[in-house]
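Structure first, then comments.
Side chains are part of it too, since the values below use all heavy atoms of this structure and drop only hydrogens, waters and symmetry mates.
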Amino acid sequence: MTTTEHPPPSRLRSWMLEGLSDMGKDGGHVGPHAEPEPPHRGQPWYRVMCLTGVDYFSTLGYQPGIAALAAGLLSPVATIVLVLVTLVGALPVYRRVAEESPHGEGSIAMLERLLSFWQGKLFVLTLLGFAATDFLITITLSAADASTHLVENPHLTGTLHNQQMLITLVLVALLGAVFLKGFLEAVGVAVALVGVYLALNVVVVVVGLWHVITAGHVVADWSSALTAEHGNVFAMVGVALLVFPKLALGLSGFETGVAVMPHVKGAPGDTEERPTGRIRDTKKLLTTAALIMSVFLIATSFITTLLIPAKDFESGGPANGRALAYLAHEYLGGAFGTVYDVSTIAILWFAGASAMAGLLNLMPRYLPRYGMAPHWARAVRPMVIVFTLIGFLVTWIFDADVDAQGGAYATGVLVLISSAAIAVTIAARKAGQRGWTIGFAVISAVFLYVTVANVIERPDGVKIGACFIAGIILVSLLSRLARAFELRVTSVQLDDMAQRFIRDIASRKIRFIANEPDQRDQAEYREKIEQIRADNDIPGEDFVFVEVTVLDPSEFEASLTVRGEVLHGRYRVLTLESSSIPNALAALLLHVRDTTGCTPHIYFEWTEGSPFHNFLRFFLFGQGEVAPVTREVLREAEPDRARRPRVHTG
């Protein structure tokens with residue numbers, strides 16, 4: 001399609017929308033979001049694991065403290081339950097997700113394939129709302145915990161006292177500034193951060209265990225208190241199961257593990273269609289990360305519960321949000337404790353960067369394709385500004401409190417894991433794997449219970465998730481409404497017969513008749529030609545019929561394949577399948593104009609009924625008032641009236 005000259009954009013606009021200007025250079029009717037994928041650059045799985053690790057392993061900064069607050073003396077027992085659910089539930093689920101979506105689409109894409117039409121889109125938008133909750137709370141919670149480590153450092157507490165909100169906002173702003181400048185997922189940085197952080201945690205855990213062992217009364221006192229409070233082992237396990245939903249933060253990282261799959265190098269023989277090595281190595285990544293985290297979760301919950309007084313975990317206490325840092329300062333001195341604080345702040349900040357990268361990868365994957373985001377939604381910088389401002393709002397709402405954000409974070413994590421479990425259950429059932437179907441169904445039931453229990457216990461998570469969902473759906477529908485008349489066909493392909501029709505008619509006058517197929521008998525086409533001739537006062541029968549079949553009207557962008565056929569020995573018919581009749585017709589007319597150099601004409605009959613009702617039919621079902629909408633799509637796509645295909649209505 002020939003482009004029309006526009007005034008050069010301002011430098012600010014060019015900078016903000018950098019990355020969109022190269023779209024569509026290959027020619028044809030390329031939609032505004034048909035962006036080619038960058039070439040794949042793989043890394044060994046154990047290095048890519050560190051990208052997951054900055055999110056997953058960084059939860060050690062606050063998980064032991066949250067577990068102690070939620071379960072008290074039962075924290076180690078409840079953590080063992082968490083580890084069992086991780087290894088027996090979440091890990092098998094996401095190993096199957098890796099098989100089913102090896103390009104990093106995740107469970108949302110799996111469920112999207114099972115549903116079509118508007119119910120599928122709304123379901124995906126709902127899951128995107130919870131995914132946004134997960135990633136955004138990762139950013140704000142990690143920044144809040146990083147500021148806690150900074151404020152509570154013994155060397156800085158006097159200077160930075162009561163400045164946690166300001167520091168958190170600065171960290172979120174700094175994260176946004178880095179992405180505005182241009183953020184590349186530096187695997188090397190992630191490897192260094194994760195390596196140093198885990199090494200420091202090994203030191204803290206070993207020293208903590210040494211103090212527990214050498215001070216024998218600690219274990220005896222804890223055991224006695226536990227027995228006095230809960231009576232017997234069965235009661236302890238029962239209570240641990242009840243408080244387990246509060247510990248769900250320790251399950252974070254699995255969705256990120258699947259999202260980073262495209263970075264895994266895999267085997268030399270891998271192809272994009274069959275990335276067998278990538279799937280195998282991603283399973284290694286997920287399993288190794290889960291095992292490392294499980295060991296750390298059990299060990300850290302044990303030493304923090306036994307060595308830190310319960311009152312110090314409470315809000316305002318020195319161990320609140322920084323239990324392991326408390327032990328590092330207490331048993332290894334201020335110098336080591338400060339190094340530990342710096343390492344924790346760095347990995348927490350990088351976890352926010354990982355979450356921001358996840359958002360920037362996830363939202364443009366769906367919303368623009370649904371027509372439910374503005375044109376600039378594929379550009380990184382505008383989205384960074386939007387997410388940073390939302391991060392400011394969430395930080396302000398939760399007062400930069402780690403404990404307060406735990407419920408919202410857990411809700412997002414649990415909803416995504418539950419949806420993944422349901423998706424793999426359906427996939428196993430469709431594959432005829434009865435044993436896996438039953439197993440995944442049980443896991444799904446467990447995660448659904450945990451999700452519901454978490455929502456009942458801490459409804460703030462589902463409230464903020466509902467706000468994200470409502471905001472995404474509202475903005476999406478308004479955006480789709482604003483873009484209703486946008487040409488959204490990514491390419492047009494004609495088969496040999498269709499090309500013959502176009503070449504033949506281009507030597508005379510290109511006249512199309514838009515026909516809604518009914519019986520497709522000889523009488524239908526004869527009567528249609530007679531009606532068009534009478535309505536428009538034109539002679540002859542030199543017409544080509546165009547018939548569009550609407551498939552899924554909720555789709556926004558799609559390619560267009562045009563097939564030609566001769567019916568009843570005399571009527572030339574072009575058949576098209578699309579999500580929208582007016583868009584398909586407009587794209588065909590522009591393609592014919594560009595390939596022949598002639599101006600095509602198309603003839604319609606007026607649609608009976610209310611214009612508003614017909615517009616809703618077009619917006620929701622791709623039909624309705626076809627003639628004026630086709631003309632409007634053409635007007636939007638081709639501002640030059642002299643070059644615009646002609647639309648006739650009688």
Can you tell me how far [atom2] of [Y] sits from [atom1] of [X], rounded to the nearest 0.5 angstrom?
| X | Y | atom1 | atom2 | value |
| --- | --- | --- | --- | --- |
| Ile167 | Thr395 | CD1 | OG1 | 13.0 Å |
| Met49 | Thr287 | CE | OG1 | 11.0 Å |
| Phe398 | Met165 | CZ | CE | 11.5 Å |
| Thr344 | Leu60 | OG1 | CG | 9.0 Å |
| Asp281 | Thr288 | CG | OG1 | 10.0 Å |
| Arg95 | Lys283 | CZ | NZ | 5.5 Å |

What's the shortest heavy-atom distance between [X] and [Y], and which atoms?
| X | Y | value |
| --- | --- | --- |
| Ala146 | Leu348 | N-CD1, 3.6 Å |
| Ala289 | Phe57 | O-CE2, 3.7 Å |
| Ala323 | Phe313 | CB-CE2, 3.8 Å |
| Ser58 | Tyr197 | O-OH, 4.1 Å |
| Ser101 | Val258 | OG-CG1, 4.1 Å |
| Ser294 | Thr86 | OG-CG2, 4.5 Å |

Mark yes or no for whether [X], through its side chain, and [Y], through its backbone, hold a donor-acceptor pair below 3.5 Å.
| X | Y | result |
| --- | --- | --- |
| Ser419 | Leu416 | yes |
| Ser142 | Ile139 | no |
| Thr425 | Phe440 | yes |
| Thr304 | Thr300 | yes |
| Glu100 | Val424 | no |

Salt bridge (charged side-chain N to carboxylate O under 4.0 Å, His left out): pairs with one or both residues in residues 339-351, sequence neighbours excluded:
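Counting only pairs at least two positions apart or across chains, the salt bridge (charged side-chain N to carboxylate O under 4.0 Å, His left out) contacts touching residues 339-351 are Arg322-Asp341.
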Student check: side-chain heavy atoms of [X] and [Y] closer than 4.5 Å:
| X | Y | value |
| --- | --- | --- |
| Tyr326 | Ile308 | yes |
| Asn320 | Asp312 | no |
| Trp349 | Leu174 | yes |
| Thr140 | Ile137 | yes |

Any chance the rings of Phe387 and Phe135 have centres within less than 6.0 Å?
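Phe387 vs Phe135: aromatic centres not under 6.0 Å.
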Just do the side-chain contact (heavy atoms from CB on, under 4.5 Å) check on Met261 and Arg278 with the steps written out, would you?
CA-CA 7 Å; Met261 276 192 75; Arg278 183 194 296 175; 4.2 Å; yes
Distance-only check: which donor-acceptor pairs under 3.5 Å involve side-chain atoms of residues 64-71, not counting sequence neighbours?
none

Given Ile347 and Val194, is the side-chain contact (heavy atoms from CB on, under 4.5 Å) satisfied, shown in steps?
CA-CA 7 Å; Ile347 197 170; Val194 169; 4.2 Å; yes
Over 60° means perpendicular and under 30° means parallel, so tell me whether Phe254 and Tyr94 are parallel, tilted or perpendicular.
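Parallel: the ring planes of Phe254 and Tyr94 meet at under 30°.
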Go through the side-chain N and O atoms of Ser301 and Ser75 and say whether any donor and acceptor fall under 3.5 Å apart.
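Distance-only check fails for Ser301 and Ser75.
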Please evaluate residues Leu291 and Leu87 with respect to the criterion side-chain contact (heavy atoms from CB on, under 4.5 Å), reporting the C-alpha separation (whole Å), side-chain torsions for both, the decisive distance (0.1 Å), and the verdict.
CA-CA 8 Å; Leu291 291 173; Leu87 298 180; 4.1 Å; yes
side-chain contact (heavy atoms from CB on, under 4.5 Å) between Thr59 and Met293, worked out:
CA-CA 10 Å; Thr59 57; Met293 191 61 174; 2.8 Å; yes
